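I have placed the structure first, in the form of structure tokens, so that the comments after it can refer back to it.
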Amino acid sequence: MKKLVIFDLDGTLLNTIEDLGRATNYALEQCGYPAHPLSTYPGMVGNGVRKLIERALPSGLDTDEEVERMRGLFKEYYESHCTEHTAPYPGIPQLLEELRAHDIKVAVASNKYQAAVERLIEYYFHDIEWAAVEGQKEGVPVKPDPSIVFEILSKSPTPKADVLYVGDSGVDMETARRACVDSVGVTWGFRPMTELKVYHADNIVNTADAILELAL
């Protein structure tokens, strides 16, 4: 039985894509740039807000100054609207409760900035006891760098053999590989199953129940 399950947030625990897309489009429109269809955003997210904005800006306009201006506008909108269209994926609240009922610790490792991660976890999963809730912090490299996993393990010491890392993207699978922990790719998120296979997911699941089976 595993002792700690680390979850990615966006595309794994929560379907956040519409609120992320709307916040990015708001920033684009405020700066005079064309918005993108919401359907294009699953291919842009996963590497943090800065990279999302770089991908959303017209080619050649992703200067540091413009990205920072856009990021400020994004956060202004997102912090007021981040729960309007976001919801947990089916079975996720029950999965978290079951893991804790079996005394398996749970944690979050996200490339979303820390304040937003904390707000979403408190809003949607306030009844869950979390071993750690880690988002993107200034000066700390984003996933797939494994630093965020090591930070969680420093707060909740656990042998790597007893850790399961769950995510929806190649970034997550590579993070788990670099951290030397077992990975689980979920098919309900923002990336296709083919990406999970390319990045050598140790396990691929279609339902939340299947994660519980792997952990027990």
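Owing to the predicted nature of the structure, the values given are computational and were not obtained by experimental measurement.
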Any chance you could measure [X], atom [atom1], to [Y], atom [atom2], to the nearest 0.5 Å?
X	Y	atom1	atom2	result
E134	Q114	CD	CD	5.5 Å
R22	Y77	CZ	OH	6.0 Å
W130	I121	CH2	CD1	4.5 Å
E195	M173	CD	CE	9.0 Å
D202	L214	CG	CG	10.0 Å
M70	T63	CE	OG1	10.5 Å

If only atom types and distance count, is the side chain of [X] paired as donor or acceptor with the main-chain N or O of [Y] below 3.5 Å?
X	Y	value
R191	P42	yes
T12	L9	no
T86	T83	no
T24	L20	yes
N203	S183	yes
H36	A56	yes
W188	T207	no
S156	I152	no
N111	G46	yes
D162	K2	no

E76/Y26 under side-chain contact (heavy atoms from CB on, under 4.5 Å): CA gap, chis, key distance, verdict
CA-CA 10 Å; E76 172 189 295; Y26 170 83; 2.7 Å; yes

Just wondering, do [Y] and [X] contact through their side chains at under 4.5 Å, heavy atoms?
X	Y	value
D209	L95	no
N47	K143	no
L14	F125	yes
D103	R100	yes
T40	L38	no
F190	S169	no
D168	D8	yes
V181	I6	no

Is there a path from [X] to [Y] through hydrophobic residues (I, L, V, M, F, W, Y) whose side chains come within less than 4.5 Å of each other?
X	Y	value
L164	I128	yes
V186	I17	yes
L73	Y33	no
L99	L13	yes
I92	V205	yes

What's the shortest heavy-atom distance between [X] and [Y], and which atoms?
X	Y	result
L57	D62	CD1-CA, 3.7 Å
K105	P157	NZ-O, 3.7 Å
P34	L28	O-CD1, 3.6 Å

Apply the test side-chain hydrogen bond (donor to acceptor under 3.5 Å, both in side chains) to residues E18 and Y41: give CA-CA distance (whole Å), side-chain angles for both, the deciding distance (0.1 Å), then the verdict.
CA-CA 8 Å; E18 184 167 348; Y41 278 102; over 6 Å; no

Show the numbers, then the answer: is there a salt bridge (charged side-chain N to carboxylate O under 4.0 Å, His left out) between R119 and E122?
CA-CA 5 Å; R119 179 174 178 189; E122 174 61 25; over 6 Å; no

Might you work through the side-chain contact (heavy atoms from CB on, under 4.5 Å) test for V140 and I148, ending with a clear yes or no?
CA-CA 8 Å; V140 179; I148 194 168; 5.9 Å; no

Taking [X] first and then [Y], would you say they form a salt bridge - that is, a charged N and a carboxylate O separated by under 4.0 Å?
X	Y	answer
E66	R69	yes
K112	D10	yes
K75	E68	no
D64	R71	no

Less than 3.5 Å apart, any donor N or O on the side chain of Y165 or D172 sitting next to an acceptor on the other?
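There is such a pair (donor and acceptor under 3.5 Å, judged by atom type) between the side chains of Y165 and D172.
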
In terms of side-chain heavy atoms, does T158 have a donor or acceptor partner in K3 at a distance below 3.5 Å?
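There is no such pair between these side chains.
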
Report the C-alpha separation of V5 and F7 in whole Å, then their side-chain angles, then the decisive distance to 0.1 Å, and conclude whether the side-chain contact (heavy atoms from CB on, under 4.5 Å) test is met.
CA-CA 6 Å; V5 181; F7 291 93; 3.5 Å; yes

